[in-house]
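Scroll down for the structure; my scribbles are underneath it.
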Amino acid sequence: MAERIEGHGGDLALAALRAGGVREMFTLSGGHVFPLYDAAHRAGFPLYDVRHEQSAVFAAEAVAKLQRRPSLAVLTAGPGVTNGISGLTSAYFNASPVVVLGGRAPAFRWGSGSLQEIDHLPLVAPVTKHAETVLRPDDIPRAVGAALTAALTPHRGPVFLDLPLEAVFSVADVDAPVGPVITPVAPDPEHVTQAARLLAAAARPVIIAGSDVYAGDAVAALREVAEAYGVPVFTNGMGRGALPPGHPLAFAKARRVAFAGADLVVVIGTPLDFRLGFGDFGDAQVVHIVDAPAQRAQHVQPAVSPAGDLRLILTDIAGHGGDRVDHTDWIAQLRVAEDAARARDAAEMAAETDPIRPARVYGELRRVLAADAITIGDGGDFVSYAGRYLEPAQPGTWLDPGPYGCLGTGMGYAMGARVTHPDRQICVLMGDGAAGFSLMDVESLVRQKLPVVIVVGNNGIWGLEKHPMQAMYGYDVAADLQPELRYDDVVTALGGAGETVAKSADLAPALGRAFDSGVPYLVNVLTDPADAYPRSSNLA
Ligand SMILES: Cc1ncc(C[n+]2csc(CCOP(=O)(O)OP(=O)(O)O)c2C)c(N)n1
Ligand SMILES: [Mg+2]
């Protein structure tokens with residue numbers, strides 16, 4: 001006979017979540033969800049709280065992205081849930097297995113006007129893989145199990161359950177929950193063979209590997225493919241660092257030359273979206289390898305698009321025998337372009353200018369960041385520079401907001417990263433505009449002893465908007481912020497520490513103090529507002 005457990009809805013939900021691998025809760029207080037806190041409190045289950053619900057969801061998302069497991073945000077009924085929707089949407093775009101449990105006004109008097117009464121499901125359904133109201137406590141383990149299965153089945157993504165007041169407060173006796181089992185989906189072998197043949201025959205192939213390669217634990221298999229066929233690899237999102245920067249097939253800066261010259265582009269585990277020119281690679285053939293059939297691009301006709309477990313697909317491709325075209329010259333050509341770009345970058349990162357240019361900030365950061373440091377980007381141009389100048393040495397160390405591009409991930413992602421890696425450097429790279437969304441959550445970090453370093457590129461403007469608006473209209477509105485504002489004083493007032501840096505020579509010592517401080521520490525770098533990140537399309 002199955003083991004039984006008894007408890008209120010909060011106990012039952014937590015038991016089912018723990019069985020599925022959830023190890024902590026992020027939340028902001030609300031009476032509708034007290035039983036979930038009660039369950040966590042009595043079980044000694046880690047609980048972290050924040051000052052805005054979006055930070056709770058972003059924190060959960062960072063855990064899900066970094067640890068490749070489900071993670072949990074608990075949001076109170078009504079405004080708690082609606083404040084979390086940008087986080088849910090980001091998780092949806094990023095395929096992050098985030099579970100959001102919402103409180104809900106009581107079902108028995110639905111429609112009578114209870115406090116915070118709103119039906120959440122129509123709001124969250126478009127940005128979740130599974131959304132359900134669980135009306136009875138004895139149904140909670142089943143519902144949590146179904147939600148976890150949906151979250152973890154590729155293509156992964158967030159799920160939502162809400163628990164009406166009487167369901168979460170009532171007691172039931174149920175079978176002890178067991179965690180979901182996700183069976184890898186094998187690809188169509190014909191598709192794999194076709195992809196392998198194209199790769200073997202291509203004269204100038206390129207691989208682009210994205211977040212699902214990391215999420216699907218396929219980094220080693222990716223490397224096998226690259227090495228077996230001798231193919232240059234570019235990365236984006238959580239795929240960054242999949243090949244270490246020193247690897248002869250690792251490329252970051254020669255994209256333009258690679259895309260212009262390639263005869264085959266193999267895109268793995270990332271959509272053919274704006275980050276990849278919508279999949280338009282000129283005359284090159286495209287192979288799109290995805291973790292689920294629904295991820296196949298509808299706007300591009302690839303030569304073939306294998307769909308299924310990425311590790312299985314890549315291991316199969318690596319193992320295909322037969323003749324392979326040699327790419328030594330192609331790799332050497334790209335290496336020349338890569339080295340030239342690298343030399344230009346090095347000069348920019350050493351720039352002695354007044355005011356400081358963002359490139360110099362990254363030049364200094366590269367000296368102090370350890371190989372396993374987690375870097376988090378939240379901002380506009382300042383973060384575009386981070387993408388260019390910082391080179392993650394390991395996969396799973398770089399967190400950007402992903403293709404939804406939502407500002408405000410900063411302190412939530414930082415909390416999730418710190419909880420994941422208590423001993424590593426955690427460094428948030430923030431625009432001064434982006435700072436406005438989440439800086440209050442420094443209070444949460446201070447109070448819960450979660451130190452992180454925040455480097456603000458303070459140009460006094462919404463740079464990624466001001467420069468394009470000027471270019472488009474010859475004037476700009478709604479694009480200015482207070483110049484030289486003391487964001488470091490904000491952090492100090494919240495119980496952390498910080499300092500303002502105006503001269504490039506002062507950057508290194510300030511960063512040293514920041515990483516030594518053991519508290520949330522903000523280095524407020526006054527950067528040049530005239531500096532605009534060069535980009536072909538400036539709409540963001
Ligand atoms: C929630 C949200 N609001 C607005 C935008 C539009 N947006 C994208 S970048 C940007 C400017 C960011 O400014 P800042 O953080 O100061 O960075 P900078 O470009 O100045 O380096 C804005 C407003 C967005 N992406 N997300
Ligand atoms: Mg700015």
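Counting convention: from 1, in listed order, for ligands and their atoms alike. Worth knowing before you read on, the calculation uses all heavy atoms, side chains too, and leaves out hydrogens, waters and symmetry mates. Bear in mind the structure is a predicted one, so any value in this text is a computation, not a measurement.
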If you measure only the distance, is there a donor-acceptor pair under 3.5 Å linking the side chains of [X] and [Y]?
{"X": "Asp441", "Y": "Ser444", "result": "yes"}
{"X": "Thr133", "Y": "Asp162", "result": "yes"}
{"X": "Ser96", "Y": "Glu61", "result": "yes"}
{"X": "Thr500", "Y": "Arg486", "result": "yes"}

Legend entry - Heavy-atom closest pair, residues Arg156 and Gly216: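 That would be NH2-CA, 3.7 Å.
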Assess [X]: does it contribute an N, O or S atom lying under 2.8 Å from the Mg ion (ligand 2)?
{"X": "Asn459", "value": "yes"}
{"X": "Asp381", "value": "no"}
{"X": "Gly380", "value": "no"}

Taking 4.0 angstrom as the limit and counting only heavy atoms of [X], give me the atoms of ligand 1 inside it, by number and element.
{"X": "Asp381", "answer": "18 (P), 19 (O), 21 (O)"}
{"X": "Gly379", "answer": "15 (O)"}
{"X": "Asn459", "answer": "18 (P), 20 (O), 21 (O)"}
{"X": "Glu465", "answer": "6 (C), 7 (N), 8 (C), 9 (S), 10 (C), 22 (C), 23 (C)"}
{"X": "Phe382", "answer": "21 (O)"}
{"X": "Leu464", "answer": "8 (C), 9 (S), 19 (O)"}

Do [X] and ligand 1 have an N or O pair less than 3.5 Å apart?
{"X": "Phe437", "value": "no"}
{"X": "Leu407", "value": "yes"}
{"X": "Leu481", "value": "no"}
{"X": "Trp462", "value": "no"}
{"X": "Asp378", "value": "no"}

Inset, instruction - Taking the Mg ion (ligand 2) as the vertex, measure the angle between atom OD1 in Asp432 and atom O in Ile461; round to 10°. - result: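 With the Mg ion (ligand 2) as the vertex, the angle is close to 100°.
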Inset, instruction - Evaluate the criterion side-chain contact (heavy atoms from CB on, under 4.5 Å) for residue pair Asn83 and Gln54; output intermediate values, then yes/no. - result: CA-CA 6 Å; Asn83 273 352; Gln54 72 170 5; 5.8 Å; no
Inset, instruction - State the OH-CG distance between Tyr385 and Leu429, to the nearest 0.5 angstrom. - result: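 Going from OH on Tyr385 over to CG on Leu429, the span is 14.5 Å.
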Inset, instruction - Give a yes or no on whether the backbone of Arg296 and the side-chain of Gln298 come within a donor-acceptor separation of less than 3.5 Å. - result: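 A pair under 3.5 Å: yes.
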Inset, instruction - Verify, without hydrogens or angle tests, whether Thr420 (side chain) and Val63 (backbone) share a donor-acceptor contact under 3.5 angstrom. - result: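 No.
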Inset, instruction - Please verify whether a non-hydrogen atom of Gly408 lies at under 4.0 Å from ligand 1. - result: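 The answer is no: ligand 1 sits nowhere under 4.0 Å from a heavy atom of Gly408.
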Legend entry - Aromatic ring pairing Phe278/Phe274, orientation class (parallel under 30°, perpendicular over 60°, tilted between):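 Tilted.
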